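Reckoned from all heavy atoms, side chains included, excluding hydrogens, waters and symmetry mates. Quantities reported herein were computed from a predicted structural model and do not represent experimental measurements. Both ligands and their constituent atoms are indexed starting at 1 by order of listing.
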Amino acid sequence: MSELNPFKIAQAQFDEAAEILGLEPAMREILRWPRREYKFTIPVKMDDGSTKVFHGYRVQYNDARGPTKGGLRWHPDETIDTVRALAAWMTWKTSVVDIPLGGGKGGVTCNPKEMSENEKERLARGWMRVIARELGGDRDCPAPDVYTTPQIMAWMMDEYETIIGRNHPAVITGKPIPIGGSQGRGDATARGGIFTVREACKKLGIDPNGTYAIQGFGNAGQYAALLHKEVLGGGKLIAVSDSRGGIYVEGGMDPEAIVKHKLKTGKVGGFPGSKGITNEELLELDVDILYPSALENVITKDNAKNVKCKISCELANGPTTPEADIILHNKGVHVIPDFLANAGGVTVSYFEQVQGMYNYYWSLEDVHKQLDARMTKAYHDVFNMHSEKKVHMRSAAYLVAVARVAEAVKLRGWV
Ligand code: NAD
């Protein structure tokens, strides 16, 4: 795995699970590769009158368990291999939470920060015109991801419905609520993660009213701060951080006050009564629950030995390196791996897809109840595999997810 090609990494992770599961060669081959991938050009008329040609992608990694689903990234570093890797991870994520979907991903190589709203609208509609015939609530359903927004989803849905000549909001999720978005999508990732923490506390006999710390204070981190108490009924938030550094309050801080401070000043630093700490120090605090909610590769072989939390709930994607996983496991740190911990987002996206298919929308209470049921079951499925096979939680999550997709492939008679 010396190459840092994300698709090679995704394949290596799959290979490890396939080996433990003893999958036959043809099954391994079909699950190592996307079933279908589309790479295309999108000409867009820019505001200055010129035409710019963008490169777009959609990868439908595996649809044995249901229509493919996964977000759209608009990023200058997007390549077919980043999209393939993310599509593979979506396949395992939808499977681990046992929603009847496959995995996909898409994107455009572009820098939306340099584009006007009109240019973004033309790019969104142009992307959809090329790929519309391959999409649909019963085929492949995109959603927002890095640098794509509910507004972009709205333009894409509108273009799709214009092409097919009928209403079909289930073609895309993450839409604004007035045109078919779901209640509860905004905080779904953090809420889903906290449901898994609640179950882990019960399993491991950890007091849910203990201390917690959060690295990263964006969508995932801020909602984790606010919802931890709501879901668990208690808990003391002693440290938070963002890209500019962290803060620590020994007696605990009021989550609402720190979120207000961050929204007002743009940073967590300078919160009244707090002491400054670094992002590295935050990860090594003696807390019951740690929420890595910022970047990948922050817990590595160099600092894993100093990590003292009892539970690490990975709201961020990829915060722990493979070497660190083993160190944490041997130290008795209970890791709730990213593609389980942060699957609340895709789960509520699935609810949006279902509501769109029925043209009937659920209350917020219904969304929370259904999300709780899915996340709770997913946590226990992974925990049981972890106990049964004596592997760390990330391996256990892979085993659960890959085995389900393999079973679907087998039942369909593909292999
Ligand atoms: P965001 O952009 O809203 O917030 C990211 C936060 O991380 C910001 O507060 C930023 O200041 C902070 N940050 C950046 N660099 C940092 C550093 N070096 N040290 C500490 N903090 C740093 O992003 P988000 O939506 O909250 O996503 C965070 C993570 O959660 C990502 O890994 C993302 O892939 C994952 N995730 C998010 C969702 C979701 O629904 N939002 C779903 C699945 C996974």
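Close approach of ligand 1 to N279 (heavy-atom distance below 4.0 Å) involves ligand atoms 19 (N), 20 (C). If you number the atoms of ligand 1 from 1 as listed, the ones under 4.0 Å from a heavy atom of F217 come out as 6 (C), 8 (C), 9 (O). Distances below 4.0 Å separate heavy atoms of A316 from the following atoms of ligand 1: 29 (C), 30 (O), 32 (O), 35 (C).
Proximity of the aromatic rings of W89 and F339 is defined here by a centroid distance below 6.0 angstrom, and this criterion is not met.
With contacts defined as side-chain heavy-atom distances shorter than 4.5 Å, the pair S293/F217 does not qualify. Between W362 and V354, some side-chain heavy-atom pair lies under the 4.5 Å cut-off.
Summarising the contacts of atom 8 (C) of ligand 1 with G218, A190, P144, A188, the nearest heavy atom is found in G218. Closest heavy-atom approach to atom 11 (O) of ligand 1 among the candidates G318, P292, G266, S243: S243. The closest non-hydrogen atom to atom 35 (C) of ligand 1, taken over L295, L315, L282, comes from L315.
Using modelled atom types, one finds no donor on one side chain facing an acceptor on the other under 3.5 Å when comparing E37 with Y57. Using a 3.5 Å distance cut-off with no hydrogens or angles, the side chains of W33 and E29 do pair a donor with an acceptor.
For atom 23 (O) of ligand 1, no protein heavy-atom neighbour is found at a distance under 4.0 Å. For atom 2 (O) of ligand 1, the nearest protein heavy atom lies 4.0 Å away or farther.
Between the side chain of K93 and the backbone N or O of A343 there is no donor-acceptor pair closer than 3.5 Å. For T376 (side chain) and A373 (main-chain N/O), no donor-acceptor pair under 3.5 Å exists by modelled atom type.
Remark: E119 does not engage R122 in a salt bridge, criterion side-chain N to carboxylate O under 4.0 Å. Taking the charged nitrogens against the carboxylate oxygens, E314 and R394 do have a contact shorter than 4.0 Å, which makes a salt bridge. A salt bridge does not link K69 with D140: every distance from a Lys NZ or Arg NE/NH1/NH2 to an Asp or Glu carboxylate oxygen is 4.0 Å or more.
Closest protein heavy atom to atom 7 (O) of ligand 1: A294 CB, 3.5 Å. Nearest protein heavy-atom neighbour of atom 28 (C) of ligand 1: S293 O, 3.3 Å. Among all protein heavy atoms, the one lying closest to atom 41 (N) of ligand 1 is N219 OD1, 3.3 Å. For atom 40 (O) of ligand 1, the closest non-hydrogen atom of the protein is T189 OG1, 2.6 Å. The nearest protein atom to atom 34 (O) of ligand 1, hydrogens excluded, is given as N317 ND2, 2.9 Å; this is a heavy-atom distance. For atom 21 (N) of ligand 1, the nearest protein heavy atom (residue, atom name, distance) is D242 C, 3.3 Å.
Taking all atoms of both residues into account, the shortest heavy-atom contact from V367 to S182 is CG2-OG, 3.8 Å.
Between A220 and ligand 1 there is a heavy-atom distance shorter than 4.0 Å.
Note: no N/O pair closer than 3.5 Å links K93 and ligand 1 by distance alone. Residue-to-ligand polar distances keep N342 apart from ligand 1: every N/O pair is separated by 3.5 Å or more.
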